[in-house]
Protein chains: 2
Amino acid sequence: MEDLTEMLKGTLEGCVLELISREETYGYAITRRLNELGFTDVIDGTVYTILLRLERNRLVQVAKRPSEVGPPRKFYTLNDAGRRELATFWTKWQYVSSRIDKLREDGA
Amino acid sequence: MEDLTEMLKGTLEGCVLELISREETYGYAITRRLNELGFTDVIDGTVYTILLRLERNRLVQVAKRPSEVGPPRKFYTLNDAGRRELATFWTKWQYVSSRIDKLREDGA
DNA sequence: TACCGGTACCCGGTGATACCGAATACCGGC
DNA sequence: GCCGGTATTCGGTATCACCGGGTACCGGTA
């Protein structure tokens, strides 16, 4: 699928939040997971900027732990603010996507 | 619904294309229509920038005609390139929205 | 020992996009 | 003559995903 970057704006961060909410995880693994899920062109640099933003906005808890196969990993967990943010993200997504689908179908 | 601007990035232009494809129309009317359709906070300034972009990218045909209730209107119609753009927009939307919905449901 | 690929993270800068605020202008009615 | 509704334009702003490069840890191999 050709360039989707503009369409991912505002939604990619929510996807990352969702993945973190499932289980404690780290940037490299999140990128891999997103690629598997069809977001094939999302690269690690993008995910790291999102993670740093989440950290700056105090939506996540961070724990650095060593890895046995490479440099240390930064593991992320949602805090209460993060869970609220995730909930409002899905509310917004539901709202926007339903309106767009509606506009597409009966359109006018 | 609170601030949706980030989530509309990359999709609002497609919505405008869709509305134009339905019938020849102009900026002010498009804004009104979008507001009715649930995009309540989208303002005329935003729509006009999109329209000028469509014009610059040669996706629309433009015809300026007088109005009986105000200043002249710029009516827009899709050309072939515009129709192709609209088609690829919906393809992308289908792709992205289905992946996000999937990620939400069975998530991992 | 030196190198290389895979793992893992960070940072400065870019381009695209929706939004904001102000300005211009046409029109009818009070 | 002013005000609200109609109609468009423009310069500037904020945010976001992306790009390119850099740093660093680790195991295997030549």
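Per chain, numbering begins at 1; letters A, B, ... match sequence-line order. Here the structure is a predicted model, which is why all the values come from computation and not from measurement.
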Chemist: In whole Å, what is the span from the CG atom of B:L51 to the P atom of D:dT9?
Modeler: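 About 8 Å, once rounded to whole Å.
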
Chemist: Starting at NZ of A:K64 and ending at C1' of D:dC25, how long is that distance when rounded to a whole Å?
Modeler: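 Distance check: A:K64 NZ to D:dC25 C1' gives 11 Å.
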
Chemist: Could one point to a donor on the side chain of A:K9 or the base of D:dT15 with an acceptor on the other under 3.5 Å away?
Modeler: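 Result: no qualifying N/O pair found.
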
Chemist: For B:Y28, is the NZ or CZ atom of B:R73 found under 6.0 angstrom from the centre of its six-membered ring and inside 45 degrees of the ring axis?
Modeler: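 No, a cation-pi geometry is absent between B:R73 and B:Y28.
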
Chemist: Taking all heavy atoms of B:S21 and all of B:L78, pick out the closest pair and write down the distance.
Modeler: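 So the two residues come closest at CB-CD1, 3.5 Å.
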
Chemist: Between A:E68 and B:E55, who's closer to the 5' end of DNA chain D by nearest nucleotide?
Modeler: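 Nearer the 5' end of the strand: B:E55.
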
Chemist: Select from A:P71 and A:D3 the residue whose nearest nucleotide in DNA chain D is closer to the 5' end of that strand.
Modeler: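 In this pair, the answer is A:D3.
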
Chemist: Kindly say if B:R53 contacts the phosphate of C:dA16, meaning a side-chain N or O under 4.0 Å from OP1 or OP2.
Modeler: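 Answer no for this pair, as no side-chain N or O of B:R53 is under 4.0 Å from OP1 or OP2.
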
Chemist: In whole Å, I'd like the distance from the CG atom of B:L8 to the C1' atom of C:dT17.
Modeler: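 Taking atom C1' of C:dT17 as the reference, CG of B:L8 is at 11 Å.
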
Chemist: Taking for each residue the nucleotide of DNA chain C bearing the nearest heavy atom, is the 5' side occupied by A:S67 or by B:I50?
Modeler: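 Per heavy-atom nearest nucleotide, the more 5' residue is A:S67.
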
Chemist: In terms of the nearest nucleotide of DNA chain C, which residue is placed more toward the 5' end: A:L52 or B:V69?
Modeler: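 Result of the comparison: A:L52.
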
Chemist: Touch check for A:P66, heavy atoms < 4.0 angstrom, all strands: base, sugar-phosphate only, or nothing?
Modeler: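 Answer is nothing: A:P66 stays at 4.0 Å or more from every strand.
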
Chemist: Take atom CG of A:L12 and atom P of D:dC18, then tell me their distance rounded to the nearest Å.
Modeler: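 Those two atoms, CG and P, are 6 Å apart.
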
Chemist: Once you round it to whole Å, what is the distance between C1' of C:dG15 and CG of A:L4?
Modeler: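 That distance rounds to 17 Å.
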
Chemist: Without decimals, in angstroms, what is the distance between B:R65 CZ and C:dC26 P?
Modeler: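 Computing the B:R65:CZ to C:dC26:P distance gives 19 Å.
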
Chemist: Think A:Y26 has a side-chain N or O under 4.0 angstrom from the OP1 or OP2 of C:dA8?
Modeler: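 Result: yes.
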
Chemist: Once you round it to whole Å, what is the distance between C1' of D:dA24 and NZ of A:K74?
Modeler: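 Atom NZ in A:K74 sits about 15 Å away from atom C1' in D:dA24.
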
Chemist: Check whether A:F75 forms a cation-pi arrangement with A:R65 (NZ or CZ under 6.0 Å from the six-membered ring centre, at most 45° off the ring normal).
Modeler: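 Positive - A:R65 is close enough to the ring of A:F75 and near enough to its axis.
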
Chemist: For a quick test of reading the model, state the closest non-hydrogen atom pair linking A:L86 to A:L17 and the distance between them.
Modeler: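 It is CD1-CB, 3.9 Å.
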
Chemist: Under 6.0 Å from the CD atom of A:E55, do we count more than 12 heavy atoms belonging to anything else shown?
Modeler: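 Result for CD/A:E55: enclosed.
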
Chemist: Would you indicate which nucleotide in C:dT7, D:dC16, D:dT8 comes nearest to any side-chain atom of A:R73?
Modeler: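 From the listed options, C:dT7 comes nearest.
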
Chemist: Hey, does the side chain of A:T5 come within less than 4.0 Å of D:dC18's phosphate (OP1/OP2), counting only N and O?
Modeler: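 Indeed not, no polar side-chain atom of A:T5 lies that close.
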
Chemist: Are any of B:R32's side-chain N or O atoms less than 4.0 Å away from OP1 or OP2 of D:dT6?
Modeler: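 So the side chain of B:R32 is within the cut-off, an N or O lying under 4.0 Å from OP1 or OP2 of D:dT6.
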
Chemist: Any idea which of D:dT15, C:dA18, D:dT9 is nearest the B:E6 side chain?
Modeler: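 Output: D:dT15.
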
Chemist: B:Y48 has an atom OH; how far is it from atom P of D:dG12, in whole Å?
Modeler: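 Interatomic distance, OH of B:Y48 to P of D:dG12: 22 Å.
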
